[in-house]
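So you know, we letter chains A, B, ... as the sequences are listed, proteins then strands, and number each from 1.
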Protein chains: 4
Amino acid sequence: MSRPDALLPRKSPRQRRARLTVASLLEAAAQLIETQGMDGFNTNAVAERAGVSIGSLYQYFPSKDALTLALLEREAGRFEADALAALEAPDGPAALRHLIGASVRQQLERPELARLLDEQEGRPELRAHLDKGRFGQLIDTLLQRPGLPRQMDAALAAADVAALIRGLVDGAGERRETDLADLQRRVEAAVFGYLERAAAAAPGGQGRECESGMRAGPGPA
Amino acid sequence: MSRPDALLPRKSPRQRRARLTVASLLEAAAQLIETQGMDGFNTNAVAERAGVSIGSLYQYFPSKDALTLALLEREAGRFEADALAALEAPDGPAALRHLIGASVRQQLERPELARLLDEQEGRPELRAHLDKGRFGQLIDTLLQRPGLPRQMDAALAAADVAALIRGLVDGAGERRETDLADLQRRVEAAVFGYLERAAAAAPGGQGRECESGMRAGPGPA
Amino acid sequence: MSRPDALLPRKSPRQRRARLTVASLLEAAAQLIETQGMDGFNTNAVAERAGVSIGSLYQYFPSKDALTLALLEREAGRFEADALAALEAPDGPAALRHLIGASVRQQLERPELARLLDEQEGRPELRAHLDKGRFGQLIDTLLQRPGLPRQMDAALAAADVAALIRGLVDGAGERRETDLADLQRRVEAAVFGYLERAAAAAPGGQGRECESGMRAGPGPA
Amino acid sequence: MSRPDALLPRKSPRQRRARLTVASLLEAAAQLIETQGMDGFNTNAVAERAGVSIGSLYQYFPSKDALTLALLEREAGRFEADALAALEAPDGPAALRHLIGASVRQQLERPELARLLDEQEGRPELRAHLDKGRFGQLIDTLLQRPGLPRQMDAALAAADVAALIRGLVDGAGERRETDLADLQRRVEAAVFGYLERAAAAAPGGQGRECESGMRAGPGPA
DNA sequence: CATGAATGAGTGTTCATTCAT
DNA sequence: TATGAATGAACACTCATTCAT
């Protein structure tokens, strides 16, 4: 907590072995969080499960928070790899649908992990170091796409959409839902419903879009 | 964690002094959680801030979790006192609007507390002892009211609406929003949008309601 | 008390330093029990007297009971190292005399420690994990040797002899006796007297042994 | 621990109600010790089980040790009421047999209580205030009676006999024996065996008594 | 006198982090 | 560089005892 860089990985692993070590540490952390909750997530246990000494863990991560952060980023990366394809969708609704799909997939793949990491993102120590709103920014971008109702405050709408997606998928995860398609359908209902009505509430909103392409299309594979 | 009743209050305060002690303990816990996050929430600190000895805390709460639970219930009680009025609203939309209002008020009054307590509700040790889904059940009831689109799976829809409200208000709390009316408007957009579209998606959905009383009315007092 | 393995040593010390740590912890525990009684036996004090941090104690002993158990076993080991030679004695009486000698030596060496540890053995949490009756079993074996009166219920007789030895030497320890030879003489009187008379009481007991080799011989060195 | 009289009952209960309160406190203590071991024996629990406030407990007993002591004395009194009849026995062996009978009865009636209280007697804080060796003194007296082998050191022999009886009956209690007659038989074997041989070992011991009235008679009623 | 709320030193235990080897 | 022994601040919780009501 002392040094300002206490959250950055201590060194980028250049050698292959080092990269492997880092990867096993992250996966060990993920598994512990999944199976035992945040209570079971302690550095000694992570090291042990990774088959590495606690000293080695601190070679690569200067603090527990740094490890948490790295895991958060690993998951964010996985999500983005999936979500960025949304940018290539033909129009706004399709793009948004793809993004929702990515969220749903991410969540239902490792629900407990996703949910608990979501909570960690709220921790003040981590928030500062998080590419915060990368998710929100992506949505922000997509909301500009044609075919979606123009929002008064785009950033706010993006944040709302992000929060709304997160709330729904976390809830589904807690209930151990597994039906991706159904969840996708409901999230789309909420997102597109919100966009339409929030926009409409603004003076001069465009009711016309009520029957636009926003109506549930085929959705992503 | 030893006894099964380790979460029930240890003894009910009979004397006035005792009731005061319990109240200060709960409020001290609330304040600590608000100002320092869950990290600052430890039994010794709670007792100190309440101006009471640690022994007194354990006279009334057999464990830290019991204290957390009691706080959770205190807040749930406050919410319900506000929310139950929804049952007296003339129709479904009005009732739902009132419920959303209660949620928004609760959240924006003590945003950090509300958010962190929401997270605590997810802890397995507590979930079991929680009147789980009191919120969801209330919504479930309201969704049956006339004026709202009939949902295929009412319980699921209720859970979704609950998750969606919670996601949006938590997000607003994190961003330290203070404009209750605007937040209310957006949550209504999401909720009514979801209900309409989720219902519509079901075969034989009723497009007619698109212009029904669900459209933003004056909102709750 | 939580995990079932909370009494097994947590990890075996591999490095020399670790072995030293464990040994000092055990000896510190022994000394505290000796000098301050069980009241002074608390983990923090043990660690401090051992010149080790409390954390180190818990590296090797998962709980206070585990430490107690280990100490119990250390002492049992010392006793057995001495007592097992009894098996090589030429006949029953000689063997029994040797065993009594070992008991007497053990007791008078560190009387308070021996007495208090004896009491600990009775604690339910520990009894389960104790090679219970190793002492009794040894006696059981010796009682089969020639030259000793045959007992009706050998196991019961063995238990009685064990209890009787323990009672006498504990009592002597409490009185701070130091004359090993005299104590040995009296314990032999009780043990052989018991064996002869308990056997005689059974129908067809052999009064003949009244003047056998059971009469106090020279005893062990 | 401060006042020198911290172990004496704070006041002799004169009124009938007070005597009742004291009695229920003692019995509550006894039951807690029996059922939960010394761990369950704490002042608050005793008061609660006795149906009395903790404040009242401290009205009658200035400290926990005072309560323990009083319980110890209650049990000693019960024992003596039974044992003193031994003084009226016609000869030494009969008297001793009666004493053994009293010990056996006392032990098997409430074995766990008896055993744990025996251990408490060893506590330094209590030993000082105990009519120590009332048991030993009684034996001492009995050993002077005709018909028993003369011992060199009568006090030592008495202590040995006491320790030996206690060891055997405690052991039997731990094994949850219930056959009073058999236990009595074995204790007599040990006691008389010890007396005969310990005496015989002294120069000029009287082998003659080998077949004296010490041989197991009918035993006490 | 009885009550029971309040006290607080004390105890067992955890876990992030350091550093000698 | 990797190891794992060691550290110690921090924390949950207990219980003998006091004292205002």
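Surrounding CD of C:Glu121 are more than 12 heavy atoms belonging to other residues, nucleotides or ligands, all under 6.0 Å away. Within a 6.0 Å sphere centred on CD of C:Glu119, other residues, nucleotides and ligands contribute more than 12 heavy atoms.
Atom CZ in D:Phe41 sits 11.0 Å away from atom CG in D:Leu116 (nearest 0.5 Å).
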Between the protein and nucleotides 19-21 of chain E, which nitrogen or oxygen pairs are less than 3.5 angstrom apart?
none

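Within the 4.5 Å cutoff, side-chain heavy atoms of A:Leu25 are placed close to those of A:Val46.
Under the side-chain contact (heavy atoms from CB on, under 4.5 Å) criterion, B:Val22 pairs with B:Pro13, B:Leu26, B:Tyr60, B:Phe61, sequence neighbours left out. Checked against side-chain hydrogen bond (donor to acceptor under 3.5 Å, both in side chains), C:Arg78 has no partners two or more places apart in sequence or in another chain. Partners of D:Ser56 under the side-chain hydrogen bond (donor to acceptor under 3.5 Å, both in side chains) rule, at least two apart in sequence or in another chain, are D:Ser53. For the side-chain contact (heavy atoms from CB on, under 4.5 Å) test, residues two or more places apart in sequence or in another chain that qualify with C:Gln59 are C:Lys11. Residues satisfying the side-chain contact (heavy atoms from CB on, under 4.5 Å) test with A:Arg123, not counting sequence neighbours, are A:Asp65, A:Gln120, A:Glu125, A:Leu126. Residues passing the side-chain hydrogen bond (donor to acceptor under 3.5 Å, both in side chains) test with C:Asn44: none are found, sequence neighbours excluded. Taking B:Arg127 as the reference, A:Glu174 meet the side-chain hydrogen bond (donor to acceptor under 3.5 Å, both in side chains) condition, with sequence neighbours excluded.
When the C1' atom of F:dT17 is taken as reference, atom CG of D:Leu67 falls 14 Å away, rounded to whole Å. When the P atom of F:dC15 is taken as reference, atom CZ of D:Phe61 falls 20 Å away, rounded to whole Å. Atom pair A:Lys64:NZ and F:dA10:C1' shows a separation of 14 Å (rounding to whole Å applied). As rounded to whole Å, 14 Å separates atom P of E:dA16 from atom CD of A:Glu125. Rounding to whole angstrom units, CG of residue B:Leu57 and C1' of E:dG8 are separated by 13 Å. The distance from atom CG of B:Leu25 to atom C1' of E:dA5 is 12 Å, rounded to the nearest whole Å.
Contact annotation: D:Tyr60 side-chain N/O to E:dA2 OP1/OP2 distance is under 4.0 Å. For E:dA6, neither phosphate oxygen OP1 nor OP2 lies less than 4.0 angstrom from any side-chain nitrogen or oxygen of B:Ser53. Distances shown here put a side-chain N or O of C:Thr21 below 4.0 Å from the OP1 or OP2 atom of F:dA6. Distances shorter than 4.0 Å separate some side-chain N or O of D:Ser56 from OP1 or OP2 on E:dT3.
Comparing B:Val52 and A:Ile54, the nucleotide of DNA chain E nearest to each residue sits closer to the 5' end for B:Val52.
For C:Gln59 and F:dA5, a side-chain-to-base donor-acceptor distance below 3.5 Å is absent, hydrogens and geometry of angles not being considered.
Contacts between residues 36-51 of chain B and DNA chain E, defined by a heavy-atom separation under 4.0 Å, are absent.
The list of side-chain hydrogen bond (donor to acceptor under 3.5 Å, both in side chains) pairs with a residue in residues 22-42 of chain B, not counting sequence neighbours, reads B:Glu27-B:Gln31, B:Glu27-B:Arg74, B:Glu27-B:Arg110, B:Gln31-B:Arg49, B:Glu34-B:Arg110.
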Watson-Crick and G-U pairing of DNA chain E written in dot-bracket, each distance under 3.5 angstrom, with | for inter-strand partners
.||||||||||||||||||||

